[in-house]
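Worksheet for the structure shown next.
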Amino acid sequence: MASIPEIFETMAYGPAPEGAAPAHAWLDQHGRSFGLFIGGTWTAAKGESFETFNPATAKPLARVRQAGAAEVDRAVRAARAAQPQWWALGGHGRARYLYALARQVQKHSRLFAVLESLDNGKPIRESRDIDIPLVARHFYHHAGWAQLMSRELPGREPVGVIGQIIPWNFPLLMLAWKIAPALAMGNTVVLKPAEFTSLTALCFAELCQEIGLPAGVVNIITGDGRTGEALVTHPDVDKIAFTGSTDVGRLIRTATAGSGKKLSLELGGKSPFIVFPDADLDSVVEGVVDAIWFNQGQVCCAGSRILVQEGVAERLVAKLKARMETLRVGDPLDKAVDMGAIIAPVQLQKIQDLVQRGRDEGAVPWQPSWSCPREGWFFPPTLFTEVAPAATIAQVEIFGPVVVLMTFRTPVEAVELANNTRYGLAASVWTENINLALDVAPQLKAGTVWINCTNVFDAASGFGGYRESGFGREGGREGLREYVRWAERRGDGGTQGGRGAEAPGRRARRSNGRPKRAASRRSGSPAPLRPRAPASLPPIDRTPKLYIGGAQARPDSGYSLPVLDVDGRQVGEVGRGNRKDVRNAVEAARKASGWARATAHARAQVLYYLAENLAARGEEFGRRIAALSGDAPGAEREVALAIERIYTYAALADKYDGLVHHTPYRNVTLAMPEPVGVLGLVCPESPSLLGFVSLVLPAIAMGNTVVAVPSTSAPLLATDFYQVLDTSDVPAGVVNIVTGAQSELAPVLAAHDDVDGIWYFGSAEGGDAEVERLSAGNMKRTWVEHGHPRDWSDPVRGEGEEFLEQATQVKNIWVPYGE
Ligand code: NAI
């Protein structure tokens with residue numbers, strides 16, 4: 001027995017275990033064997049199944065089912081059957097159910113926390129104080145959005161049936177992030193938890209029963225990747241929401257390409273943790289603990305790369321090592337434990353292999369002197385120094401308690417190092433200089449930037465990636481967009497579904513899951529009117545070149561394509577762009593990145609000037625359109641609309657601004673819309689001028705630079721347009737135009753790794769599918785028409801919010817205040 005002075009000397013912790021009895025009782029009550037939750041009832045636990053383990057003891061906890069394709073189908077059918085009534089219930093009705101779920105989660109919070117720690121291995125301190133409270137908060141917050149949907153999201157309707165696939169690192173929290181917004185917006189869901197951690201999802205299914213949630217609104221099916229795949233490829237699912245590895249995200253992107261399914265992906269990361277020399281190093285050390293040892297580093301946004309200014313690196317490393325020595329790894333149910341167990345042997349092996357790789361590549365590891373428990377799957381906190389920026393451990397997501405440390409000299413170098421990754425999920429910036437922090441934050445390619453804090457989350461703030469960390473947001477107003485779409489105009493404004501309303505997900509879907517192509521012409525433009533105006537036909541004069549980097553460029557191929565009028569007569573020729581031209585155009589667009597840094601006011605001025613110059617040449621453009629379409633009045637209308645549209649985006653350039661989210665901490669959370677980067681725009685076949693303007697203008701208004709592929713059959717309007725660009729102070733490279741066959745050029749843009757997003761309104765049948773499939777290379781954002789006709793003259797469908805949403809991605813910057 002230690003003496004009192006000895007106890008004071010060592011300050012050793014005694015065990016402080018949280019009782020696991022209620023969780024074990026719950027498991028026993030179910031015979032430690034679970035069926036699937038489909039259509040409001042439980043299936044028998046018979047059939048293929050597997051064990052789920054306690055990572056801290058390596059002992060099995062229960063058996064869960066491996067759902068097969070037939071069961072996935074039943075779950076999707078149940079969700080489909082329930083969806084119209086769920087939507088028809090109205091926002092208030094849904095709000096009451098979501099509120100009931102929030103209350104119920106709170107009432108059962110202890111059971112959930114213990115069950116989560118047993119199944120996942122995370123410390124009870126985290127499951128009790130972070131995961132479960134955030135789950136409840138998510139349901140409360142989204143109860144509010146359900147209530148407010150018709151007021152706050154007019155014109156939008158649910159997507160339909162949502163397939164949701166979640167990982168094992170935050171099992172119940174990821175469930176809440178997926179289910180709460182989906183239900184709030186009137187969708188129904190089929191959710192598949194990760195195979196390592198199904199238990200809290202099954203317990204949640206019971207809550208749904210308890211509160212009397214209508215059958216089929218939430219369906220929970222367990223199983224591994226095969227079950228996930230069956231859900232992803234099911235033809236009657238309208239959207240897939242996925243969180244997990246980038247590799248599986250890429251598979252899902254490819255599998256859903258061209259299906260018309262909406263998709264959001266929250267993927268991996270290698271997030272920088274940037275320490276400037278004036279940062280409070282003691283806070284920084286605690287920040288690192290939260291950044292990389294929270295949940296054993298099995299966090300998609302873990303701050304796994306410390307970038308520290310070289311003048312303070314040595315001090316920071318010393319402090320970090322001292323702190324690591326005091327961290328406690330052990331029984332997750334012990335309330336005084338900092339780190340629990342690694343999810344599974346396969347993950348432990350992956351961490352061990354990467355650590356060995358780090359050593360092999362010459363980096364220097366450091367671990368505390370104490371050793372981890374021998375029972376179960378544990379790994380000690382590990383710090384690597386002497387790491388080269390290109391080293392494997394500096395680039396690959398380790399997903400374990402391993403952090404690498406690199407140094408920089410200047411803020412510019414810090415930003416360069418921070419962005420030297422294919423990922424873009426999160427970043428933290430540590431400095432006492434708020435000006436520096438707010439200067440650096442927008443330069444970081446990351447969906448979330450935490451200033452002097454890290455790993456803070458809230459339902460009111462969006463979370464999601466840039467680049468290969470995926471697309472779409474969860475949380476905040478921006479997260480709702482993932483679960484709604486614009487209503488087809490049916491006269492009811494598309495707001496809360498009346499009882500007679502068509503089930504949204506059913507809209508125009510083919511039996512194979514692809515939406516039907518419109519029987520009519522793709523564009524909603526009016527049919528050509530006669531008589532036409534032969535007198536105004538311009539002569540066949542010249543072959544316009546491509547427009548790249550602010551200059552006319554001959555197509556690499558040297559070939560041209562004829563341009564025909566409505567009667568099939570040749571009225572001109574355009575250059576036939578190829579792969580090389582696209583590459584040059586992308587390079588020019590990338591170089592023009594200064595456009596994103598111009599003030600919104602400056603961009604607006606350029607756009608107004610553009611409108612003015614188009615107006616000055618309006619008649620000429622009208623004659624050109626009339627010559628091609630044979631519709632003089634229609635041509636005049638189109639030019640007038642195009643000018644007006646440019647005015648609209650000039651007006652919106654400095655008005656589509658961000659939000660300050662009310663997150664319940666002492667901070668402001670700035671939700672800033674940022675340009676996506678370089679956008680490839682495949683324009684509609686017709687109306688050729690208005691279609692071109694409708695895509696290019698919102699994109700550049702928001703600070704993107706673009707490579708536009710105009711209409712294949714009527715590209716002359718776009719090539720005429722570059723003369724307008726030339727006279728309007730649009731900086732070189734902001735708008736690049738590559739004419740040619742869309743069917744040849746769109747795939748090149750979609751596969752290009754330096755294009756950040758692609759909009760496809762092109763004409764080639766199947767082009768939408770190919771664009772989505774090829775985009776998987778660098779996980780670029782895609783916006784494809786999927787055959788729904790769009791009336792480009794319509795002030796809601798042809799311009800405005802939807803375009804600006806697609807032209808931007810929201811970055812949330814957390815700025816704490818107070819002591
Ligand atoms: P994973 O991406 O394979 O699993 C995530 C979810 O996707 C699970 O529910 C799984 O059953 C499902 N899934 C797997 N294959 C699928 C397919 N073909 N179609 C549809 N669903 C499928 O992640 P895993 O294997 O659990 O972990 C591997 C690595 O992924 C980790 O070492 C870590 O680096 C990373 N990871 C990243 C996460 C993040 O949030 N960024 C979360 C989990 C893992």
Side-chain angles (χ1 to χ4, degrees), residues 50 52 55 64-67 69 72 119-122 163-171 173-175 177-178 190-198 200-201 220-234 237 240-256 261 263-271 294-302 304 342-355 377 379 392-393 395-402 421-426 446-448 455 457 463-465 467-472 474 776 779:
F50 56 92
T52 182
V64 295
R65 284 290 324 284
Q66 169 70 34
V72 170
D119 202 16
N120 166 282
K122 65 173 66 202
Q164 306 185 314
I165 298 170
I166 56 173
W168 41 260
N169 51 351
F170 294 90
L173 184 57
M174 289 301 106
L175 172 148
W177 281 24
K178 296 276 180 295
V190 178
L191 178 132
K192 189 197 86 63
E195 52 272 41
F196 299 126
T197 52
S198 307
T200 46
I220 309 277
I221 51 168
T222 53
D224 62 16
R226 290 169 291 163
T227 311
E229 205 181 329
L231 187 55
V232 166
T233 52
H234 194 289
V237 169
I240 294 291
F242 171 79
T243 299
S245 62
T246 295
D247 289 346
V248 173
R250 193 168 276 122
L251 288 177
I252 293 176
R253 163 73 291 180
T254 311
T256 54
K261 286 181 183 134
L263 181 62
S264 52
L265 300 173
E266 199 264 274
L267 310 174
K270 192 74 184 175
S271 298
F294 172 50
N295 201 18
Q296 299 72 253
Q298 302 168 129
V299 181
C300 48
C301 50
S304 52
I342 302 298
I343 188 74
V346 54
Q347 188 63 20
L348 187 58
Q349 188 62 49
K350 180 183 165 194
I351 297 167
Q352 286 162 345
D353 291 350
L354 280 164
V355 165
W377 308 310
F379 196 85
T392 307
I393 52 168
Q395 292 294 334
V396 168
E397 183 181 47
I398 299 175
F399 227 63
V402 182
T421 165
R422 63 195 177 112
Y423 295 114
L425 198 51
T448 299
N455 274 341
F457 312 97
F463 182 85
R467 299 174 163 180
E468 292 186 40
S469 291
F471 41 79
E474 299 190 287
M779 304 301 285

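Read the numbers this way: they start at 1 and go in the same order the structure lists the ligands and their atoms.
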Would you verify that at least one protein heavy atom lies under 4.0 Å from atom 26 (O) of ligand 1, or report that none does?
yes
Measuring only between side-chain heavy atoms, which start at C-beta, is Arg422 closer than 4.5 Å to Arg467?
no
Residue, atom and distance of the protein heavy atom nearest atom 9 (O) of ligand 1 read Ile166 O, 2.8 Å
Look at atom 23 (O) of ligand 1 and say which protein heavy atom is nearest, naming residue and atom and giving the distance to 0.1 Å.
Ser245 OG, 4.0 Å
What is the nearest protein non-hydrogen atom to atom 21 (N) of ligand 1, stated with its residue, atom name and distance?
Gly228 CA, 3.6 Å
Within 4.0 Å of atom 30 (O) of ligand 1 (strictly less), any protein heavy atom?
yes
Tell me: protein heavy atom nearest atom 14 (C) of ligand 1, and distance?
Gly225 CA, 3.5 Å
Where ligand 1 meets Trp168 - atom numbers and elements under 4.0 angstrom, heavy-atom basis
24 (P), 26 (O), 27 (O)
Which residues pass the ring-ring contact (aromatic ring centres under 6.0 Å, His included) test with Phe242, not counting sequence neighbours?
none
Counting heavy atoms only, name the option from Leu251, Asp247, Thr243, Leu267 that's nearest to atom 18 (N) of ligand 1.
Leu251
Side-chain heavy-atom pair Ile342, Pro401 within 4.5 angstrom cut-off
yes
Identity and separation of the nearest protein heavy atom to atom 43 (C) of ligand 1:
Pro167 CB, 3.5 Å
Sorted by chain and number, sequence neighbours left out, side chain to side chain contact (heavy atoms under 4.5 Å, CB included) with Thr200 holds for Phe112, Leu115, Glu116, Pro171, Leu172
of all protein heavy atoms, closest to atom 19 (N) of ligand 1 is Glu229 N, 3.5 Å
Quick test: of every protein heavy atom, which one is nearest to atom 44 (C) of ligand 1, and how far off is it to 0.1 Å?
Phe399 CE2, 3.8 Å
Tell me whether Glu266 has any N or O atom under 3.5 angstrom from an N or O of ligand 1.
no
Element-labelled atoms of ligand 1 that are located less than 4.0 Å from some non-hydrogen atom of Lys350:
29 (C), 31 (C), 32 (O), 33 (C), 34 (O)
Is any side-chain heavy atom of Ile393 closer than 4.5 Å to a side-chain heavy atom of Val402?
no
